[in-house]
2 protein chains.
Amino acid sequence: MSMGNNYELYKVFYWAAKTGSLSQAAKALYLTQPSVSHAIKQLEESFGVTLFYRNAKGVELTQEGAVLYSYIEQSQILIARAEEKMAALKNLESGELRIGGSDSLFKHYVLPYLEQFHEQHPGVKLHLNHGTTPEIISFLKEGRIDLGVVRMPIVDPQLQVTESFQLQDCFVAGARYAHLKDAVLPLDKLLQYPIILFSRNSRARMTITELFQSYGYSIKPEIEVGSVDLLIEFAKRGLGISYVTREFVSKELEEGSLFEVRIDVPLPPSHVGILTMSNMPLSSAASGFIELIR
Amino acid sequence: MSMGNNYELYKVFYWAAKTGSLSQAAKALYLTQPSVSHAIKQLEESFGVTLFYRNAKGVELTQEGAVLYSYIEQSQILIARAEEKMAALKNLESGELRIGGSDSLFKHYVLPYLEQFHEQHPGVKLHLNHGTTPEIISFLKEGRIDLGVVRMPIVDPQLQVTESFQLQDCFVAGARYAHLKDAVLPLDKLLQYPIILFSRNSRARMTITELFQSYGYSIKPEIEVGSVDLLIEFAKRGLGISYVTREFVSKELEEGSLFEVRIDVPLPPSHVGILTMSNMPLSSAASGFIELIR
DNA sequence: TGTTACCCATAGACATGGTCTATAGCTCCT
DNA sequence: AGGAGCTATAGACCATGTCTATGGGTAACA
């Protein structure tokens, strides 16, 4: 018989050596004693060496057997650890979840889910990567994140999109423009006021620009800011009318520091989608999180 | 599917991960690609986790797969080492050989074989334990030595005896008794000279005492010494006639510093035997050595 | 000195499951 | 568009790992 064993035999050998008894090993492995006996014999024949002394009380390692055991023991322990670890990964007791998205989506939309997820699965490490939608898509394709949270629509055959939530953008203003509180403004009226928009090429910015163009107007911001927080802050201080996602200013709307400025055309809702790579399996953590979010 | 895998699957997983290709793994393991594909799928199902991303170029570990690999790689390396080591043990490139025997037998009989064995198998460590025959037998039964080299006869059902060599005891004297060189002495004549015997309860001492008794004489040594070397030395210096093993004084007999004192009754030859435990398998080193010695 | 009770070894029957061939689908490259 | 990689799937087959039944041996104990 040649080298290149059935590794299964090592498991049997390990238990036989560990328990000092073929019968005990058989019990531990849910086998019968003859099976174990046969397995050990196979190993011995494959090595051309006797591994155990057999006596009336059980078995005992020979010199050669002891040498083999010193290696196999470590090997088996590693495998046992591996199996534990895999179970932990599957049960979300360990592992990591890497999410990409914009800061504002994280803060106002993803955060509560992340908190809940982290509470349920404290063993899973969280990695957040923020960036614009195109950046997030790159991250995904490079395998740097497991899933991305971005605004719809996204069309990319490589990406799997799960729509998960609807957001409504709107115009808001602070106390200085209190007289607009109950008005419904036509677009041209609105444009007479200073407008504050997000400066970067965000989905929302593109949407509102296109909307005004479709009605024959061109919306040009008085102020451009780089973060949603500033958008809100500037509106509060009366520097103009901000175009923001309503869900992100719900607190301000409630407490009255901001109010919505209605206009006479419908603003299309925007959808938030969860992006994953199509044809690429999800990690347990990622699929667990997506399940939670829906 | 539950935990407690066929460890054979890990071997397949290892090669798939290592080569980054199920087809390559199949080649390495002398399997077909579908077998490997099936094996990986089994592992994945057993863990409830995807281990590889499949793409047109081959496969790539997922997060979970990478975790598994970090454990399995070590485990497989250990097994590979174990298999190498076992082959080395079998081929006597490593291991150890523990022999018990009396100093004189080592020096005059075992040593040449040991030298030859060591030359052929320099990787095998040698351990020599000297002691009397009963001590050697104890060592054997305690498992402290692999084989013992002692004088026959030995009767012990637990021991396996291989007779290997015949020795002839005889009386020798030095220059001072040169006049006895060509004589053949009757026993009573011999007893008029001072006799030097080994002091301990050796097989040789018992044999000669019994021999004289069977002829109605009692042999009482003038001098008792504790080693064969002293037995030889005292005879050389003319302190008396020593009873020694002829083969141990072959050098002295040749160079003429000692000569044999013949007597008129035949001295029975004694046999050297190799003792091993019966019903206990021999180590490769031990059986290799026994094979050499015969 | 039987008797019991535990070991391990062996033989032979059986069925599981690992391996194969054949085939299809996919992606990348020319 | 065609070819050459890759992996997945389906289904057949038989090797081999597992079982039951049995035997022999040793240790403990009455």
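Below, chain A is the first sequence line, B the second, and so on; all start at residue 1. If you're wondering where the values come from, they're calculated on a predicted model, not measured in any experiment.
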Regarding A/Tyr30, tell me which of base, sugar-phosphate or nothing describes its non-hydrogen contacts under 4.0 Å with the strands shown.
sugar-phosphate

According to a strict under-4.0 Å criterion, is A/Gln42 in side-chain N/O contact with OP1 or OP2 of D/dG17?
yes

Any side-chain heavy-atom pair of A/Thr207 and A/Pro268 under 4.5 Å:
yes

Is the B/Tyr7 to B/Tyr10 ring centre distance short of 6.0 Å?
yes

A/Phe52 vs A/Phe13 aromatic rings, parallel, tilted or perpendicular, using cut-offs 30° and 60°?
tilted

Below the 4.0 Å mark, does C/dT19 have OP1 or OP2 next to a side-chain nitrogen or oxygen of B/Thr32?
no

With respect to the phosphate group of C/dA9, does any side-chain polar atom (N or O) of A/Ser37 fall under 4.0 Å of OP1 or OP2?
yes

So, OP1 or OP2 of C/dC6: does either fall under 4.0 Å of a side-chain N or O from A/Ser23?
no

Rounded distance in Å - CD (B/Glu8) to C1' (C/dT19)
12 Å

Any residue meeting salt bridge (Lys or Arg N to Asp or Glu O under 4.0 Å) with B/Lys141, in chain and number order, not counting sequence neighbours:
B/Asp156

Spacing of B/Lys11 atom NZ relative to C/dG18 atom P, expressed in whole Å
13 Å

Ignoring the backbone of A/His38, work out which of D/dT18, D/dC6, C/dC8 is nearest its side chain.
D/dT18

Any side-chain N or O of B/Lys41 under 4.0 Å from OP1/OP2 of D/dT9?
yes

Per B/Pro34 side chain, nearest of listed nucleotides C/dA22, D/dT7, C/dT19
C/dA22

To the nearest angstrom, how far is B/Glu45 atom CD from D/dA8 atom P?
12 Å

